[in-house]
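All remarks here apply to the structure that follows.
Counting starts at 1 for both ligands and their atoms, following the listed order.
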Amino acid sequence: MDLRVKRAARIDIEITVPGDKSISHRAVIIAALSNGVCTLHGFLPSEDCMHTVNAMRALGIKIEQPEPTTLIVHGKKRVLTAPQKEINCGNSGTTMRLLAGLLAGQTFESRLVGDAGLSRRPMDRVIAPLCEMGASIVAEGPDETPPLRIRGGSLRGIHYRPPVASAQVKGALLLAGLFARGKTTVEEPIPTRNHMEKIFNYFLVRTAAEDGGSVTVFGDQVPESRDFAIPGDISSAAFWLVAAAAQRRGHLLIRDVGLNDTRTALLAVLLRMGAQVREAVEDVDQLEPRGIVEVTGFPLKGTVIQGKEVPQLIDELPILSVAGALANGKTIVRHAEELRVKETDRIAAIAHNLRAMGAQVSELTDGLEIHGPAPLHAARLASFGDHRIAMAFAIAGLFADGETIVQDAECIRESYPGFETVLEEFTNPKRMQVSTPVIGSLTPTPPEER
Ligand code: S3P
């Protein structure tokens, strides 16, 4: 499918975004392990998350979906049954890595397969520690790539320091730890999103967090069933936030979005690039903080993104690179070599597409150097089968002369069903819902008028 994008209208709009992908995956799994029926509201019915739902069904869990965003999960007190056939994880790395952890603790044998893209992604990062815990996992592809054949064992807890900062690895080990003897500790080199820890706590699974970033789960616990509502995904919001930030006087309000502070580094970056950004947490009673984000656009300036910030905005780097191309001066992204093993090599894909639109960009081994501002011109662009590349360059198209075409854009459904409808609103002035600033009373003044 080709996605065609025209230049943006004046942005003044209020939206919501679909449920958080990371939380949706984890919620289904923990609810399935719990001791009763859990209703999950705000679930993200994207292709990736549906692979997790179908995997849990294949493991004997009844999951009803009375409407796309509501799941009723019938927890079976950690009892899973052997799947009849291989489990298909599609393009979802989170599904495969979290399931590897879950299945490592089961006594039956299972096989996880993925599509061509997922079959190229490294799995040694979960295989090595799970085998150290006592599982037997064989990667059938070259260089420890999928399919994975997993024979679960009687696991023992370990203390593990992953060589890469990865929430998927942490999540896999914590899930395995639930089925292990003793305690399992993950000592992260750099903190990553903490949704698994939060969900464990919410479902009354005992964990311990230690200074310096380690998290421990104690084995042999059954999660207490709970209902909850999943907030909007700030990584999906990121596309619209950048669009508004990059348009002078653009104004965007997003309600009911997740504001977990391990996910909001993007807001700090937009602020330092010169946008006006406000956030207000409205609800902390629920499992995850949620609230409003409001952005007003100003001429952006380049920035440096590196070090500890990188794992906290790893999924936002494609769209922040587009922001960099629109900003004055140099934007540098470093320490982001993980981007090379995402749904595609995102460093190469970003550089390729930005150049096709006329931007000046150098590829680094671990990031990018982008010289802005570029007068972007419309181009025919590849998605590389990567949802975040497709969406980032649809947003770039809002700032280009002419009609930009993003090819093979159906991959957007993996994380953001409905993206195209919102995109259409950003190009059609009549459909904008004019909103007034809501957070704080100040009406922003562009810097040159101050
Ligand atoms: C995710 C973790 C991140 C992120 C992915 C979702 C998760 O991957 O890029 O989109 O839900 O745990 P890594 O753990 O590989 O960094």
Going by the order shown, which atoms of ligand 1 are within less than 4.0 Å of some heavy atom of Ser166? 13 (P), 14 (O), 15 (O)
Contacting atoms of ligand 1, where contact means under 4.0 angstrom from a heavy atom of Arg26: 7 (C), 11 (O), 12 (O)
Both conditions, 6.0 Å and 45 degrees, for the charged tip of Arg226 above the ring of Phe203: are they met here? no
Answer yes or no: does an N/O atom from Gln168 fall short of 3.5 Å to an N/O atom of ligand 1? yes
Looking just at side-chain N and O atoms, do Ser214 and Thr185 make a donor-acceptor pair shorter than 3.5 Å? no
Between Lys342 and ligand 1, which residue portion shows a heavy-atom distance shorter than 4.0 Å: side chain, backbone, both, or neither? side chain
The atoms of ligand 1 lying under 4.0 Å from a heavy atom of Ile314, numbered in the order shown, are 9 (O)
for atom 10 (O) of ligand 1, nearest protein heavy atom and its distance come out as Asp315 OD2, 2.8 Å
Tell me the contacting part of His195 for ligand 1: side chain, backbone, both, or neither, using a 4.0 Å heavy-atom threshold, strictly below. neither
State whether a side-chain donor-acceptor pair under 3.5 Å links Glu210 with Thr216. yes
Geometric N/O contact Ala167 with ligand 1, under 3.5 angstrom: yes
Asp20 pairs by salt bridge (charged side-chain N to carboxylate O under 4.0 Å, His left out) with which of Lys198, Arg26, Arg263? Arg263
Indicate yes or no for a side-chain donor-acceptor contact from Arg120 to the backbone of Thr344 under 3.5 Å, with no hydrogens or angles considered. no
Within the distance-only criterion (no hydrogens, no angle test), does the side chain of Lys21 pair as donor or acceptor with the backbone N or O of Thr94 below 3.5 angstrom? no
Are Thr262 and Arg193 linked by a side-chain donor-acceptor pair shorter than 3.5 Å? no
Is there a heavy atom of Lys170 sitting under 4.0 angstrom from any atom of ligand 1? no
Donor-acceptor pair, distance only, cut-off 3.5 Å: does the side chain of Gln65 make one with the backbone of Pro68? yes
Check ligand 1 against Ser22 and write out every atom of the ligand that is under 4.0 Å from a heavy-atom position of the residue. 1 (C), 6 (C), 7 (C), 11 (O)
Closer than 4.0 angstrom: is that true for some heavy atom of Met196 and an atom of ligand 1? no
Can you name the atoms of ligand 1, numbered from 1 with element, that are less than 4.0 Å from a heavy atom of Arg97? 15 (O)
